[in-house]
Amino acid sequence: MIVDLLTIKDAAISFDFILQPSEIDLDSDEAKLVNEISVKGSLKKGIAQTDVQGNIDARIEIECSRCLVTAEQPLKFSFSAVFVSTENYTDEKEAELSIDDLDVSITVDDKIDLRELVREQILLAVPAQIFCREECKGLCQKCGASRNLIDCKCEEKEVDPRWQSLRKLNLN
Ligand SMILES: [Zn+2]
Ligand SMILES: [Zn+2]
């Protein structure tokens, strides 16, 4: 999945490949890829920069932030990235061209590792919080039961002590 820019003759090439979940390390305990990841896109080589655009179609399994049940959901998005060589990067910075640092990657030895790019894009796309369903009620703060499954009635018996302290704060 490494593109050597020096060997590309055409101004643009397209790519279409499949990665296995094991090839992408998300480095996360909460999220993991479950299906093959389909990547399609194109790469356009310019004089000062290389533009990569593509679509990623994957599925992730991730823990619900409220009730901790694992939920699977599609992760399908398009991305674009800009690569410049170290030289051009420095030049353009000096010339103060409108390149947003965050959106620009630097090529090493005129090579672009598409797999690494896909990994970065997936990491950016995985939501920080996910809910198994919109109206997920989460876990009971008191007894730990999933309030989606049972109505433990703890809240009726007693006000959550954390709300108590919030009330105190509000009074001050
Ligand atoms: Zn949930
Ligand atoms: Zn409870």
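The figures that follow rest on heavy atoms only: side chains count, while hydrogens, waters and symmetry mates do not. All values derive from a computational prediction rather than experimental measurement. Positions are given from 1, in the same order as the sequence printed here. For ligands, and for the atoms within them, numbers begin at 1 and follow the listed sequence.
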**Report entry** Over 12 non-hydrogen atoms of neighbours within 6.0 angstrom of CD in Gln53
**Finding:** no
**Report entry** Side-chain (Arg66) to main-chain (Cys136) donor-acceptor, under 3.5 angstrom
**Finding:** yes
Report summary line: For Leu6, the side chain to side chain contact (heavy atoms under 4.5 Å, CB included) test, sequence neighbours excluded, returns Asp4, Asp110
Requested in this report: Determine, stepwise, if the pair Leu117 / Phe79 fulfils side-chain contact (heavy atoms from CB on, under 4.5 Å).
Outcome: CA-CA 10 Å; Leu117 175 61; Phe79 67 92; 3.8 Å; yes
Query raised in the report: Is Asp151 salt-bridged to Lys153, going by a charged N under 4.0 Å from an acidic O?
Result: yes
Query - Side-chain (Thr70) to main-chain (Ile62) donor-acceptor, under 3.5 angstrom - result: no
Report task. Would you mind counting protein N, O or S atoms that sit less than 2.8 Å from the Zn ion (ligand 1)? Result -> 4
Query raised in the report: Can you tell if the side chain of Glu120 reaches within under 4.5 Å of the side chain of Leu123, non-hydrogen atoms only?
Result: no
Query raised in the report: Is Ile56 linked to Ile130 within one hydrophobic cluster, defined over Ile, Leu, Val, Met, Phe, Trp and Tyr using a side-chain heavy-atom separation of less than 4.5 Å?
Result: yes
Query raised in the report: Near the Zn ion (ligand 2), which protein N/O/S atoms fall under 2.8 Å?
Result: Cys140 SG, Cys143 SG, Cys152 SG, Cys154 SG
Query - Pairs flagged by salt bridge (Lys or Arg N to Asp or Glu O under 4.0 Å) wherever residues 43-59 is involved - sequence neighbours left out - result: Asp57-Lys76, Arg59-Glu72
